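Computed from a predicted model, the values in this text were never measured in an experiment. Residue numbers begin at 1 in each chain, while the letters A, B, ... track the order of the sequences.
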2 protein chains.
Amino acid sequence: MRNSSADQLILETLGKQKSHLTSHQIYEAVHLRLPALNPSTVYRALDRLVNQGKVTVSDMGLGAAVFELTGEKPHHHLVCQGCGHITLIADDQIAPLISNLEKNYHYKIKTNHLVLFGFCEKCQDTA
Amino acid sequence: MRNSSADQLILETLGKQKSHLTSHQIYEAVHLRLPALNPSTVYRALDRLVNQGKVTVSDMGLGAAVFELTGEKPHHHLVCQGCGHITLIADDQIAPLISNLEKNYHYKIKTNHLVLFGFCEKCQDTA
DNA sequence: CATTATAATGCAAATCTTTGCAATTGCGAT
DNA sequence: ATCGCAATTGCAAAGATTTGCATTATAATG
């Protein structure tokens with residue numbers, strides 16, 4: 001592994017961003033700052049960063065996967081399929097489950113961003 | 001909503017399949033049995049079925065999302081990022097967490113297939 | 001049975017993403 | 001400083017998926 005300028009650029013881009021970005025949004029952002037960069041380079045760099053664990057990818061129920069910098073602390077989300085509202089789940093709600101599974105299955109779990117879909121209070125009434 | 005032949009075909013295809021299929025694999029299978037069917041029709045039908053809850057989509061860590069018939073019972077998986085091995089997680093390991101979250105956040109959770117990534121016992125040693 | 005509203009489909013174009021291969025570049029070893 | 005290996009990149013083509021719009025088919029209604 002080597003010091004790649006594409007990787008750097010992507011990390012910076014994600015760093016400035018508080019929300020999640022799709023791969024295409026990332027490509028666009030990076031392309032703005034370095035138009036010479038080839039699409040395939042960006043997509044491959046993104047792949048690389050995910051494999052290295054520097055970037056986290058998750059499906060938030062939009063058509064496409066979204067990316068973010070891997071944070072220090074795990075965090076999780078509830079996504080309402082009715083109104084699209086997103087609720088943050090405190091990690092201590094999830095952490096015990098994770099360590100249980102690790103114990104029972106002799107696993108070291110890397111997933112640090114769970115996304116659960118469902119219906120929030122309001123939208124349950126509507127449906 | 002209406003009785004769509006594309007929908008039927010997709011449901012049958014998934015029914016005969018014990019493992020998960022990518023959208024493209026589904027397109028190929030359906031295309032074999034009804035070559036006249038347009039790709040966009042298949043992709044749109046698949047979308048529809050997911051929205052109707054008849055089909056479940058999940059990211060198993062391959063490049064693409066995979067689809068399966070929505071089962072009666074939730075089931076979950078551990079996926080090893082080292083060797084790719086997949087372990088079934090008993091639902092009673094997960095169910096308590098789900099009902100807790102539903103209580104605490106006033107949510108009705110629909111997600112019925114959790115996928116957690118990590119490293120199995122063997123691959124932890126290697127890494 | 002005819003009519004109408006709406007859902008599903010086909011088609012073609014656009015878009016997004018991946019892939020193979022050749023050329024380049026960075027990094028460690030000499 | 002140079003050499004050589006392996007990683008990164010560019011390019012072009014292929015592949016996969018989405019979209020807009022016109023057309024067709026279905027189901028409900030009168």
task: Would you mind reading off the distance between F67(B) atom CZ and dA16(D) atom C1', rounded to a whole angstrom?
output: 13 Å
query: Can you list, by residue number, the residues of residues 40-53 of chain A that have a non-hydrogen atom closer than 4.0 angstrom to DNA chain C?
result: S40(A), Y43(A), R44(A)
task: Report yes if some heavy atom in the side chain of S58(B) is under 4.5 Å from a heavy atom in the side chain of E68(B); otherwise report no.
output: yes
message: Parallel, tilted or perpendicular: which one describes the rings of Y27(A) and H31(A), with boundaries at 30° and 60°?
response: tilted
query: Should V50(B) and T56(B) count as side-chain neighbours, where that means a heavy-atom distance under 4.5 Å?
result: no
- prompt: If you fit an axis to the five pairs at each end of the helix from dC1(C)-dG30(D) to dT30(C)-dA1(D), how big is the angle between those two axes, to 10 degrees?
  reply: 30°
query: Considering all heavy atoms of both residues, which atom of T70(A) and which atom of G53(A) are nearest to each other, and what is their separation?
result: OG1-O, 2.8 Å
message: Suppose we screen for salt bridge (Lys or Arg N to Asp or Glu O under 4.0 Å). Which residues come up paired with R48(A), at least two apart in sequence or across chains?
response: D7(A)
- request: Could you tell me whether the side chain of F67(B) reaches within less than 4.5 Å of the side chain of Q17(B), counting heavy atoms only?
  value: no
message: If you apply the rule salt bridge (charged side-chain N to carboxylate O under 4.0 Å, His left out), what do you find for E12(A) with R33(A), and how did you get there?
response: CA-CA 11 Å; E12(A) 281 179 32; R33(A) 292 190 41 200; 3.1 Å; yes
statement: Students should find that the nucleotides of DNA chain C closing off the region near chain A, any atom under 4.0 angstrom from a heavy atom, are dC16(C) to dC27(C)
message: So which atom in F117(A) and which in D59(A) form the shortest heavy-atom distance, rounded to 0.1 Å?
response: CZ-O, 3.5 Å
field: Qualifying side chain to side chain donor-acceptor pair (under 3.5 Å) pairs, either residue in residues 78-102 of chain A, two or more places apart
entry: H76(A)-D91(A), Q93(A)-N104(B)
- prompt: Do the side chains of I86(A) and L78(A) get nearer than 4.5 Å, heavy atoms only?
  reply: no
query: Going by number, which of residues 23-39 of chain A have a non-hydrogen atom under 4.0 Å from DNA chain C?
result: S23(A), H24(A)
